[in-house]
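Some notes on the structure that comes next.
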Amino acid sequence: MTTKTTGQDHNAEASVTRMAENLKKVEQLTERLTKVMANRKTHQASLDGPNQELFAKAGQAMLSEALVNPAKLMEQQMGYWSKTVTHFMEAQQALVTNPMQAPEDRTGKDRRFANPMWETHPYFNFVKQQYLINAEAVSAAVDSVTDMEPHEKQRLAYFSRQIIDMMSPTNFLATNPDALQRAVDTEGESLIKGLENLISDLEANDGELIVRLADEKAFELGRNIATSPGKVVFRNRMFELIQYAPTTEKVHKTPLLIFPPWINKFYILDLKEQNSLVKWVTDQGYTLFMVSWVNPDPSYKDVGMEHYVEEGYLAAINEVKEITGEKQINAVGYCIAGTTLSLTLSLLKQRGDTSVKSATFFTALTDFSDQGEFRPFLTDDFIEGIEAETKDKGMLPSIIMARTFSFLRSNDLVYGPAVKSYMMGETPPAFDLLYWNGDGANLPAKMAMQYLRGLCQGNQLADGGYDLLGHHLVLDEVDVPICAIACETDHIAPWKDSYRGIQKMGAKDKTFIMTQSGHIAGIVNPPSKGKYGHYTNDDLGLDYQAWLEGAHFTEGSWWPRWEKWLKKRSGTMIPARSPGDGKRKVLGDAPGDYVARKANA
């Protein structure tokens, strides 16, 4: 009896001690939260959502349809009411029959509701089913709107989906069985840890809430990520030029120069040995150079597309030619860097400069006539908000772009990670791709607006031409041999739009490859994975649907197919070149200094 009482007293004392510790942590965390929010850097309110005009138009359209066709509105409402009342009655009946039994669940599979309690527990099942009924009703109401311009209806659908996703019961502690169980099992420690994670994310982004997707402490540039050996052999205010060490005794005579997007860091192509395009290319016997763009601060506010072309592309091309002693190079442009490579090729054509022997485009858009999933962010009100933001800060902060891209896949990149981090108290995974995804870069104010206004909104390059550096640049003058790789499920640069731009280029020698997967996984797809296949079709005169219908599918990575294409345009084999050969001064080891600069530094 005494032993039992002593044990109970000990447990009670331990619980009181843990409670006191947790309360102390809450007090400390509250101070941190108050401090970070008091010093929060604000941004333009128009970047948080559409202006009221969109919802006013939607309301007017719905009212007009209700007056013209009241039966349709009543049918929708009665359908919603019927499903809601039926669901309530079924839940009541199940509870009467068996107090712990949920009603029949006819909803489909959804990764958010993987916990069995969403199906078996009466409370959670009721909440889930009613949420899905509500979501269906909202989506149906938006779909039924006809008296709106297509682009406005697309925006309405997008922001309605954002509201639906935000209101998922998985996003709230009281209706999330996983989070509640974790809180009970850890005596509230998971909630304390979650609050710590939330405040840490706010502190890291000056009060902006950007969910951290990866454990940043798990990676170090040059140690376990971006580890391919090489040297920085040139540097100016726009970029560092990395020359990678050869891994073969002989290399192709024509060097290869890669221009990565300056929206992100170049090491997406050099995450680790197993999936590094850098390592794979050097292993195939190429002298490889990589541009590592500077991460701009407000002092770069007047830097425009012309500076990226002249001080970036042309400077890098000239340096590679000088270092190797070659008259021509092969070039690669990834995403926005591919768009800008096309501008550069048109400029070189007009100048009579044949420095580029061939060009490869990774998921690059040059025809923006179909803005796809980005249309909600390319309307005047949003672009005007970005313009005001860039005037205020001298740049477009990385966190604005990161948030925009994330909400295109909100459940996977916002709410899901937020639940795990803030409600479950989990440490983000040590995942190199997600670490890279969170290591963004700013955009100079002038360049950002040139790109958004002239290329994205105005589609000037594909539709008449784009004026830059005193030249009128057009796609038809891109006439070097071209190989373009696009990705089947790419939501940033849809493959059909990439295909349409390649069709408009003037080159007679064109190859188009459409690989499975998305913007990143489709490109970073080493042959060793044996994972994603690709489609090819030599007839680029077809529209994209006919091209795909007639395409040949090949299992496995597109890398070997591209290398076979590249080899034909890379000259004979010569003794391997090493960084620093000749009189070229080495400025430091890869991955260099510019890549380490953080966007909020």
Side-chain angles (χ1 to χ4, degrees), residues 213-214 218-219 221-222 224-228 230 242 244 247 256-284 286 288-293 331-338 341 360-365 402 405-406 408-409 412-413 429-441 483-495 498 512-535 554-566 590-591 595:
L213 300 178
F219 299 101
L221 292 173
N224 60 355
I225 197 169
T227 58
S228 290
I242 299 171
Y244 287 99
T247 59
L256 181 65
L257 171 59
I258 296 180
F259 294 98
W262 52 88
I263 292 176
N264 301 104
K265 305 293 183 64
F266 79 85
Y267 64 88
I268 184 60
L269 300 175
D270 188 33
L271 290 174
K272 54 189 175 185
E273 285 193 9
Q274 297 92 318
N275 61 3
S276 171
L277 181 67
V278 168
K279 183 179 188 306
W280 189 85
V281 167
T282 54
D283 285 349
Q284 309 314 304
Y286 292 87
L288 178 62
F289 292 84
M290 178 76 71
V291 165
S292 174
W293 298 104
V332 177
Y334 192 169
C335 190
I336 188 177
L341 177 59
T360 299
F361 296 92
F362 292 170
T363 64
L365 293 179
F405 286 124
S406 293
L408 290 173
R409 295 291 181 269
D412 293 331
L413 297 177
F431 188 9
D432 54 2
L433 178 58
L434 292 179
Y435 172 82
W436 167 85
N437 187 72
D439 187 17
C483 182
I485 295 88
C487 302
E488 185 175 21
T489 58
D490 193 335
H491 64 287
I492 294 174
W495 79 267
S498 175
F512 189 84
I513 302 169
M514 194 263 279
T515 179
Q516 293 179 316
S517 197
H519 194 71
I520 300 301
I523 297 299
V524 184
N525 182 30
S528 58
K529 281 188 175 181
K531 197 167 184 180
Y532 303 119
H534 58 278
Y535 297 84
T554 302
E555 295 283 353
S557 173
W558 56 270
W559 290 10
R561 183 180 296 276
W562 171 59
E563 194 276 326
K564 185 178 179 180
W565 178 91
L566 187 64
V595 71

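In what follows, every heavy atom counts, from backbone to side chain, and hydrogens, waters and symmetry copies are set aside.
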Could you give the distance from [atom1] ([X]) to [atom2] ([Y]), rounded to the nearest 0.5 Å?
{"X": "Q274", "Y": "K279", "atom1": "CD", "atom2": "NZ", "answer": "9.5 Å"}
{"X": "Q516", "Y": "H534", "atom1": "CD", "atom2": "NE2", "answer": "10.0 Å"}
{"X": "I520", "Y": "I492", "atom1": "CD1", "atom2": "CD1", "answer": "6.5 Å"}
{"X": "S557", "Y": "N275", "atom1": "OG", "atom2": "CG", "answer": "11.5 Å"}
{"X": "S292", "Y": "I258", "atom1": "OG", "atom2": "CD1", "answer": "12.5 Å"}
{"X": "Y244", "Y": "D270", "atom1": "OH", "atom2": "CG", "answer": "5.0 Å"}

Shortest non-hydrogen contact from [X] to [Y]?
{"X": "A590", "Y": "I242", "result": "CB-CG2, 3.8 Å"}
{"X": "G338", "Y": "A364", "result": "CA-CB, 3.7 Å"}
{"X": "A337", "Y": "P260", "result": "CB-O, 3.2 Å"}
{"X": "L269", "Y": "M290", "result": "CD1-CE, 4.0 Å"}
{"X": "L341", "Y": "A331", "result": "CD1-CB, 4.1 Å"}
{"X": "Y286", "Y": "V281", "result": "CD1-O, 3.4 Å"}

Is any side-chain heavy atom of [Y] closer than 4.5 Å to one of [X]?
{"X": "W558", "Y": "I523", "value": "yes"}
{"X": "L213", "Y": "F431", "value": "no"}
{"X": "N525", "Y": "K531", "value": "yes"}
{"X": "W262", "Y": "I336", "value": "yes"}
{"X": "I268", "Y": "L433", "value": "yes"}
{"X": "W495", "Y": "D490", "value": "no"}
{"X": "T363", "Y": "S498", "value": "no"}

Contacts of type ring pair (Phe, Tyr, Trp, His ring centres under 6.0 Å), residue [X], not counting sequence neighbours:
{"X": "Y334", "answer": "F362, H519"}
{"X": "W280", "answer": "W559"}
{"X": "Y532", "answer": "none"}

Salt bridge (Lys or Arg N to Asp or Glu O under 4.0 Å) with K272: which residues, sequence neighbours excluded?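 D432.
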The criterion is side-chain hydrogen bond (donor to acceptor under 3.5 Å, both in side chains); which residues satisfy it with T360, sequence neighbours excluded?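 By the side-chain hydrogen bond (donor to acceptor under 3.5 Å, both in side chains) rule, T360 matches W562.
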Sorted by chain and residue number, the side-chain hydrogen bond (donor to acceptor under 3.5 Å, both in side chains) partners of D439 (sequence neighbours excluded) come out as K265, Y267, K598
Short side-chain to backbone donor-acceptor contact, T282 and T247, under 3.5 Å: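 Checked: no pair found.
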Does T489 reach the main-chain N or O of S517 with its side chain, forming a donor-acceptor pair under 3.5 Å? yes
